[in-house]
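Below you'll find the structure, written out as structure tokens, and then a few comments.
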Amino acid sequence: MRQVGHFIVDGVGAPSGRKHQIWNPSTGEIQAEVTLGDAALLDRAVATAKAVQPEWAATNPQKRARVMFRFKELIEANMQELAELLSSEHGKVIDDAKGDVQRGLEVIEFACGIPHVLKGEYTQGAGPGIDVYSTRQPLGIGAGITPFNFPAMIPMWMFGMAIAAGNAFILKPSERDPSVPVRLAELFVEAGAPEGLLQVIHGDKEMVDAILDHADISAVSFVGSSDIAHYVYKRGVDNGKRVQAMGGAKNHGIVMPDADLDQVVNDLAGAAFGSAGERCMALPVVVPVGEDTAEKLKAKLIPAINALRIGVSNDPDAHYGPVVTPEHKARVEQWITTAEEEGGDIVVDGRGFSLQGHEKGFFIGPTLIDNVTPQMSSYQEEIFGPVLQIVRAKDFEEAVRLPSDHQYGNGVAIFTRNGHAAREFASRVNVGMVGINVPIPVPVAYHSFGGWKRSGFGDTDQYGMEGLKFWTKVKKITQRWPDGSPDGGNAFVIPTMG
């Protein structure tokens, strides 16, 4: 059986440790094992990072950027291999897997411009003969704890910015699909990065706690469920670390009466069911405004959903593949049952779906649930599967209130031809990322990603300039050069007192 190991420099004597099984979600078979590390293994990785980071931080930003450029080229050259490896462990179809890699690569492209974005501020003549300037300096060692649903994108969101800024980085990916993160680290060394600058260690809660408690790790970035995000944030901050922790989501799509319903249905097919709904920016709740809109939308959704093709991860004609594990399949199907018990109308039922020839795979058919209300637990919680819920709103005010009052505040979209309504909605809705006729409003790499409420803990977003702020600290220098006169020149005056 294939074994997935850690990617660290000092792996000598690393214990065999506990193992975690890696499924092939399309076949339902165990295809590999990954070794789970412990605190002692983390200590060795941190020691290596401490040894290599000062020289990397002293390397001028232009040379660091060249490593990023070369890494970008290697990712592009190995795109097919990475996508196939990712699909085999996660289950998402090849096109989705390539999108996973590509969205991470876009942050690497932004990191290639690190010489420009690292520039500080300068004020000449802030006081008599006094200049003030600032510089951004790395924190030292950063760590990332990443989820199973984007095993390429989210690691690159984190380590791309952190390393370009001059830090060393230790990545703990999900043990469910760990092979792509290891391959990324291999390519990073091939790109010219010093060995030990990017290390990958595998583990479960024991390793997470070791990272959060380690005195030499200055900052931790996390993406996962909200309960764990809150735990990571609190424990990390209590230990004096800088922490950003992104949590769950329940993104809404508001459909106004004037929306192009054919376009809405096409967008929902991808946003709700793509990647089997295992995306924190999926769109699992659609909110038609008015009964007429709701009935027309449902009538168009049913045939579109029934036309979706579910297939194995390497089926080029499949719209989506299996979910990641048998436990997750059971969890999603239980949420469908719960919604039904709570009074939801199961319009299209994906429970019990079986793919011919792959009956042991972790497949769930697309599911549409109507007449869902805000009181239902299936609405309040994240399902994270190919399930679309219809929550009917009587008017625009209720449509604004639904996502605003929800515990999660990651993303929201509004579909309309009315510019005033779109502008009003974007201004008032209490959600961190808004799409106007855009179903999945993930910002481009030179902006930043982050939700509100229980979707994000911490004060800084992922990637872009927000990412740069998170992975650096600002040093402010006030300087004066006396003119050399016998009396030493004018007495020093603090600039703000000038």
Side-chain angles (χ1 to χ4, degrees), residues 249-277 279-308 319-320 332 335-336 339 342-350 365-376 378-406 408-418 421-422 425 429 431 433-441:
K250 194 77 172 187
N251 306 317
H252 294 57
I254 313 303
V255 183
M256 297 297 290
D258 67 335
D260 181 341
L261 292 186
D262 291 329
Q263 184 62 55
V264 170
V265 168
N266 184 62
D267 287 344
L268 287 174
F273 302 108
S275 198
R279 298 189 287 211
C280 68
M281 287 299 288
L283 209 164
V285 177
V286 61
V287 182
V289 178
E291 287 300 314
D292 184 59
T293 306
E295 290 301 322
K296 289 178 179 177
L297 178 65
K298 184 170 76 169
K300 288 179 176 290
L301 275 171
I302 293 171
I305 290 172
N306 286 328
L308 291 173
H319 292 100
Y320 72 85
V332 172
W335 272 121
I336 299 171
E342 292 177 327
D345 178 13
I346 310 297
V347 180
V348 180
D349 193 345
T367 298
L368 179 65
I369 309 175
D370 194 7
N371 296 310
V372 174
T373 67
Q375 293 72 38
M376 296 180 181
S378 61
Y379 167 78
Q380 296 164 5
E381 299 297 335
E382 185 176 35
I383 295 177
F384 222 61
V387 179
L388 178 62
Q389 297 176 300
I390 300 176
V391 180
R392 300 179 180 221
K394 64 180 181 295
D395 55 27
F396 178 77
E397 291 299 321
E398 186 177 9
V400 174
R401 188 168 61 250
L402 282 165
S404 296
D405 289 349
H406 203 281
Y408 298 119
N410 215 36
V412 68
I414 183 170
F415 301 93
T416 182
R417 293 183 174 96
N418 187 314
F425 181 84
V429 71
V431 173
M433 292 174 282
V434 181
I436 298 173
N437 299 311
V438 175
I440 303 180

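- Evaluation of the side-chain contact (heavy atoms from CB on, under 4.5 Å) rule for V431 yields P403, V412, V429 as partners, not counting sequence neighbours.
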Side chains of residues 385-392: which donor-acceptor pairs under 3.5 Å do they make with residues two or more places apart or in other chains?
unit_1, atom_1, unit_2, atom_2, d
Q389, OE1, K250, NZ, 3.1
Q389, NE2, S378, O, 3.2
Q389, NE2, S378, OG, 3.3
R392, NE, D370, OD1, 3.3
R392, NH1, E291, OE1, 2.6
R392, NH1, E295, OE2, 2.9
R392, NH2, E295, OE2, 2.9
R392, NH2, D370, OD2, 2.7

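- Applying the side-chain contact (heavy atoms from CB on, under 4.5 Å) test to A413 and every residue at least two apart in sequence or in another chain returns L283, F415.
- Every salt bridge (Lys or Arg N to Asp or Glu O under 4.0 Å) that E397 has, sequence neighbours left out, goes to R428.
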Would you check, one step at a time, whether the test side chain to side chain contact (heavy atoms under 4.5 Å, CB included) holds for V332 with F384? CA-CA 7 Å; V332 172; F384 222 61; 5.5 Å; no

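- Side-chain contact between Y408 and Q380 is absent, with no heavy-atom pair separated by less than 4.5 Å.
- Side-chain atoms of P257 and T293, non-hydrogen and from C-beta on, do get closer than 4.5 Å to each other.
- Looking at I383 and P284, their side chains never come closer than 4.5 Å, going by heavy atoms from C-beta outward.
- With V286 as the partner, the side chain to side chain contact (heavy atoms under 4.5 Å, CB included) test is satisfied by one option alone out of I254, V265, L297: L297.
- Nearest heavy atoms, A282 versus G277: CB-O, 4.0 Å.
- Remark: side-chain polar atoms of N251 are paired, donor with acceptor, to backbone N or O of G411 under 3.5 angstrom.
- The CE atom of M376 sits 12.0 Å away from atom CH2 of W335, with the distance rounded to the nearest 0.5 Å.
- The minimum heavy-atom distance between A249 and C280, with the atom names listed, is CB-O, 3.1 Å.
- With sequence neighbours excluded, the residues forming a side-chain contact (heavy atoms from CB on, under 4.5 Å) with D258 are M256, T416, R417, N418, listed by chain and number.
- Contacts of S404 classified as side chain to side chain donor-acceptor pair (under 3.5 Å), with partners at least two apart in sequence or in another chain: none.
- Listed by first then second residue, pairs satisfying ring-ring contact (aromatic ring centres under 6.0 Å, His included) with a partner in residues 250-275 read H252-Y379, H252-H406, not counting sequence neighbours.
- The side chain to side chain donor-acceptor pair (under 3.5 Å) search around D262 returns K300, not counting sequence neighbours.
- D267 CG to Q263 CD: the interatomic distance, rounded to the nearest 0.5 Å, is 4.5 Å.
- By the side-chain contact (heavy atoms from CB on, under 4.5 Å) test, I346 is found to be paired with I336, E340, D349, R351, I369, residues two or more places apart in sequence or in another chain being considered.
- Of the inter-residue distances, the one linking T373 atom OG1 with L402 atom CG reads 10.0 Å to the nearest 0.5 angstrom.
- Between the CZ atom in R279 and the CG atom in N410 there is a gap of 13.0 Å [rounded to 0.5 Å].
- In terms of the salt bridge (Lys or Arg N to Asp or Glu O under 4.0 Å) criterion, residue partners of D292 (sequence neighbours excluded) are, by chain and number, K296.
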